[in-house]
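One structure is given here, and the rest of the page talks about it.
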Amino acid sequence: MTFRKIIPPSPKSSLTRPRPFKAYSFVPFSPLAMLDPTILTIGGIVLGIAIIERILERWGVIDLVDQFAKVMRFILPVTFYSALIYFFATFMF
């Protein structure tokens with residue numbers, strides 16, 4: 001009894017190698033991605049504050065409207081850029 005009869009020889013590797021190919025991918029931007037609950041909540045809050053500001057302006061409470069305007073000058077850009085960063089970090093990666 002020989003060693004080759006007890007243990008079969010290992011299969012020989014194929015001499016043909018797979019050809020390398022380039023794979024490209026394209027991820028299109030979908031506007032439906034903006035329907036994320038976080039984005040909608042942030043937009044709803046900002047829209048609600050703007051509506052409250054308009055209502056207070058119609059009622060003639062100009063001092064309170066000025067206070068809202070000062071706060072919104074800071075909140076709107078911060079909210080916009082943070083929502084944009086959140087959107088790209090969540091949906092693009």
Side-chain angles (χ1 to χ4, degrees):
M1 194 172 246
T2 64
F3 180 74
R4 289 185 187 206
K5 286 183 180 179
I6 297 173
I7 299 178
S10 63
K12 294 185 179 182
S13 62
S14 65
L15 296 177
T16 58
R17 294 182 184 164
R19 292 189 337 209
F21 64 95
K22 293 181 181 179
Y24 298 100
S25 67
F26 175 70
V27 179
F29 172 76
S30 172
L32 294 177
M34 292 297 245
L35 294 177
D36 179 54
T38 305
I39 300 279
L40 290 176
T41 303
I42 292 171
I45 290 171
V46 171
L47 187 64
I49 291 173
I51 290 172
I52 290 172
E53 185 178 355
R54 293 294 174 199
I55 290 172
L56 290 175
E57 186 178 1
R58 285 187 184 174
W59 287 351
V61 189
I62 302 300
D63 293 336
L64 197 54
V65 172
D66 287 339
Q67 293 298 323
F68 266 104
K70 288 177 185 176
V71 170
M72 291 301 282
R73 271 190 217 129
F74 174 74
I75 288 178
L76 281 177
V78 170
T79 305
F80 172 75
Y81 287 119
S82 61
L84 193 66
I85 290 170
Y86 172 79
F87 174 74
F88 282 121
T90 305
F91 295 107
M92 295 297 177
F93 296 114

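One-based numbering along the sequence shown. Values below: every heavy atom of this structure, side chains too, minus hydrogens, waters and symmetry copies.
Cluster membership for Ile51 and Leu56, using ILVMFWY side-chain heavy atoms within less than 4.5 angstrom, is shared. In the hydrophobic clustering of this structure, Val78 does not group with Val46; members are Ile, Leu, Val, Met, Phe, Trp, Tyr whose side-chain heavy atoms approach within less than 4.5 Å, directly or through other members. Note: the hydrophobic cluster containing Leu47 does not contain Phe80 (ILVMFWY, side chain heavy atoms under 4.5 Å, direct or indirect links). Side-chain heavy atoms closer than 4.5 Å link hydrophobic residues (I, L, V, M, F, W, Y) into clusters, and following such links, even through other members, never connects Ile49 to Leu40.
Expressed to the nearest 0.5 Å, how far CD1 of Ile39 lies from CG of Leu84 amounts to 8.0 Å.
Shown here are the side-chain contact (heavy atoms from CB on, under 4.5 Å) partners of Thr38, two or more places apart in sequence or in another chain: Asp36, Ile42, Tyr86. Glu57 is linked by a side-chain contact (heavy atoms from CB on, under 4.5 Å) to Arg54, Val65, counting only residues two or more places apart in sequence or in another chain.
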For residues 66-77, dump all side-chain donor-acceptor pairs below 3.5 Å to protein atoms at least two apart in sequence or in another chain.
none

